[in-house]
Amino acid sequence: MGKVILLTISLFFISTTLIVLVLYFIQKHKNKKYKEQIDKLEIEKNKLDSSPVIPELSKIESYLNNEKLEAMYNNWKNRLEVIRTNQIPKITDMLLDTDYSLSKMDYKKTLYKIARLEMEIYKVRTNSEFLLNEIKEITGSEERNRAIITKLKIKYRELYQQFQNSKTEFGENAEVVELQFENMARKFEEFETLMEKNEYTEVTPVVKSIDEMIKHMTNVIEELPGINLIATSILPKKIEEVKEKYEKMTEMGYPLDYLNVEYNIKESEEKITDILSRAKDLNIEDSLFDLKVLLDYFESLFTDFEKEKVNRVDYEDANKIFKNKYDKIDNLLNEILKDIDEIKRLYNLSDIQLEELYNIKKDLDTLYNDYNVLIKHTSNNTFAYSKLTKEIETLSLKLANLDERVEVILDSIGSMKEDEVRARQQLEEIKNILKESKTKIREYNLPVIPKNYFIELNDAQVAIKEIIKELDKKPITIEVLNTRVDTARDLVLKLYQTTKEMVRTAMFAEMAIVYGNRYRSSVNDLDKYLRYSEKLFYRGDYKKSLEITINTLNKVEDGIYEKLLKLYSNN
């Protein structure tokens with residue numbers, strides 16, 4: 001039991017010792033960290049003590065030759081005194097107080113006081129830097145302004161030389177420009193006077209004024225000759241050319257009111273007068289740009305005039321084409337409608353086709369009314385030819401659509417006429433083929449003509465009669481007529497082919513039997529087969545007769561078919 005108590009007491013002392021050591025090291029680390037921050041702030045405070053404000057301010061004492069500068073000097077001196085006697089000592093006291101709190105290990109207060117110190121040092125440093133910059137504005141004024149003035153004098157001389165080289169280009173404004181150069185020269189003299197008197201507070205506005213005058217004069221030298229040339233010569237001539245062209249085209253009947261030429265000329269002349277008036281005071285802001293805009297406008301008018309000429313030619317051509325095409329379609333429709341009863345009598349026109357004819361005529365009349373409105377606008381010179389051209393193009397498109405619809409109807413009627421003529425021509429051709437078939441079968445005196453031949457012959461003759469019957473009908477139904485023609489032609493061609501094949505087979509079979517006669521006495525059973533072939537031949541079964549004869553002879557003479565075919569072809 002005693003050992004346990006002893007062990008417990010030992011562990012307690014060891015733990016306590018460790019905790020104390022840990023706390024000690026934490027405290028030591030904090031002290032070191034905050035001490036480093038305080039030391040850095042003290043260095044910053046020392047930098048404030050060694051600020052270059054005092055040496056810079058002492059330079060001003062040699063310039064004190066006017067009340068304004070003296071007042072500024074006294075103000076700066078007072079502000080510096082406040083920094084040195086109030087603000088910096090305050091920082092020193094705050095540093096001591098912060099260091100004291102750290103020594104008491106009051107870390108919360110120490111941290112708070114460090115933050116206040118940083119803010120106070122920042123405020124004093126800012127005040128000091130601002131004060132230093134104000135002083136340097138005066139102490140560095142001579143060197144800085146001398147450098148600026150040197151560059152401005154170089155630019156002044158360059159501009160003046162440029163002006164002298166092109167003085168005639170400035171016209172009436174040359175004298176005003178000359179006076180402005182004299183004003184700048186006096187400003188340079190004023191600068192030198194102020195610098196000699198060390199009146200640095202008055203120098204900056206003078207330098208700024210010279211700089212602005214140089215910049216303005218640069219624009220004047222670059223732009224005023226161009227402004228003078230355009231406003232007094234180029235634009236007036238261009239306006240006169242436009243007036244002359246406008247008046248001439250107006251007399252020729254061109255509708256140019258939409259261009260507002262007269263109003264724009266008046267406005268442009270007023271604008272030119274204003275620009276020239278302002279140029280006398282060297283006020284040339286946006287003048288060159290405005291003049292170029294006006295010049296571009298008058299240049300574009302010539303383009304518009306030429307477009308109107310082209311559009312007028314296009315319009316007149318389109319108008320002529322439209323009228324000719326309209327008259328052609330209208331005359332054609334009137335002719336068709338005048339003979340519509342005769343057309344209906346001859347051909348089986350559908351109700352839809354007839355209705356389409358009357359609709360086309362109605363649409364054509366409506367289109368012509370629109371065309372007359374356009375012609376009225378043309379004679380009144382109300383619209384530009386560019387607009388009139390678009391309108392006539394729209395009407396032409398509608399007319400072209402009507403023309404296509406008429407063509408469809410004409411094609412339908414024309415096709416009916418052509419089909420009738422073609423049917424009559426084909427009827428004659430079919431009759432000729434039938435005649436050739438009959439002639440061909442008579443050329444070879446066949447012992448027997450098969451029954452199927454007469455059936456085909458009868459079908460062909462009946463089909464021909466159907467064509468004749470359909471042609472005699474009024475009105476003619478073209479679809480039925482075409483069907484009758486196709487049927488008759490197919491039947492007659494079939495008959496012709498049958499005739500040709502039957503005659504050819506019969507002739508070939510007879511030739512084969514005659515050729516086989518040379519082997520009748522010398523070859524066994526040949527006579528028997530040939531007699532059978534002859535029987536088939538006289539019965540009219542020419543194809544079977546030929547097959548038996550060829551097969552029989554092929555046993556005696558190999559390749560007999562090709563040989564007989566060659567002999568048949570030669571004959």
Side-chain angles (χ1 to χ4, degrees), residues 422-471 482-571:
R422 191 182 304 111
R424 295 185 184 280
Q425 291 174 347
Q426 290 181 347
L427 175 61
E428 293 304 317
E429 293 175 1
I430 290 168
K431 287 180 178 179
N432 289 333
I433 295 172
L434 180 62
K435 184 178 180 181
E436 288 180 18
S437 298
K438 290 179 179 180
T439 302
K440 196 169 191 66
I441 206 166
R442 291 193 195 100
E443 287 178 356
Y444 190 81
N445 191 16
L446 295 175
V448 176
I449 298 176
K451 289 182 180 180
N452 66 313
Y453 177 81
F454 291 106
I455 294 172
E456 290 184 14
L457 176 62
N458 183 63
D459 291 342
Q461 290 173 337
V462 170
I464 290 171
K465 290 177 182 178
E466 289 296 325
I467 294 175
I468 297 170
K469 188 189 297 182
E470 198 63 39
L471 287 170
N482 288 337
T483 302
R484 297 282 187 259
V485 171
D486 292 340
T487 302
R489 182 178 60 249
D490 292 342
L491 290 173
V492 170
L493 289 174
K494 181 182 178 183
L495 177 67
Y496 181 79
Q497 191 64 31
T498 299
T499 303
K500 183 179 177 182
E501 187 64 30
M502 184 173 63
V503 171
R504 180 177 180 278
T505 303
M507 292 176 66
F508 200 16
E510 185 179 21
M511 185 179 68
I513 292 170
V514 172
Y515 186 84
N517 287 336
R518 69 181 66 184
Y519 296 109
R520 279 179 184 269
S521 59
S522 59
V523 180
N524 293 333
D525 297 329
L526 180 63
D527 181 61
K528 180 178 68 174
Y529 288 112
L530 289 177
R531 281 199 305 271
Y532 181 60
S533 293
E534 287 173 350
K535 287 180 182 180
L536 292 172
F537 180 82
Y538 288 110
R539 290 177 189 171
D541 195 351
Y542 307 117
K543 186 176 181 181
K544 186 68 175 176
S545 173
L546 178 62
E547 288 178 357
I548 292 173
T549 304
I550 292 297
N551 290 335
T552 302
L553 292 176
N554 202 47
K555 295 176 183 179
V556 178
E557 189 175 340
D558 191 29
I560 189 64
Y561 179 77
E562 287 76 10
K563 186 175 182 180
L564 290 174
L565 186 60
K566 186 176 180 181
L567 291 171
Y568 176 76
S569 299
N570 291 334
N571 292 333

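Just so we're clear, the structure is a prediction, and the values are computed from it rather than from any experiment. Values reported hereafter were calculated over all heavy atoms of this structure, with side chains retained and with hydrogens, waters and symmetry mates removed.
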request  = First locate atom CD1 of Ile455, then atom OG1 of Thr498, and finally report the distance between them rounded to the nearest 0.5 Å.
outcome  = 11.5 Å
key: Atom pair CG/OG1 of Leu546 and Thr505 - distance to nearest 0.5 Å   = 6.5 Å
message = With a 4.5 Å cut-off on side-chain heavy atoms, are Glu456 and Asp459 touching?
response = no
Test applied, side chain to side chain contact (heavy atoms under 4.5 Å, CB included); reference residue, Tyr542; option that passes from Met502, Met507, Glu547 = Met502
Rounded distance (nearest 0.5 Å) linking atom CD of Glu429 with atom CZ of Arg489 = 9.0 Å
key: Beyond-backbone contact of Leu495 with Leu491, side-chain heavy atoms, under 4.5 angstrom   = no
message = Donor-acceptor pair, distance only, cut-off 3.5 Å: does the side chain of Ser545 make one with the backbone of Asp541?
response = no
key: CG-CD1 distance between Asn551 and Ile548, expressed to the nearest 0.5 angstrom   = 8.0 Å
query = With a 4.5 Å limit on heavy-atom distance, are the side chains of Gln497 and Leu493 in contact?
reply = no
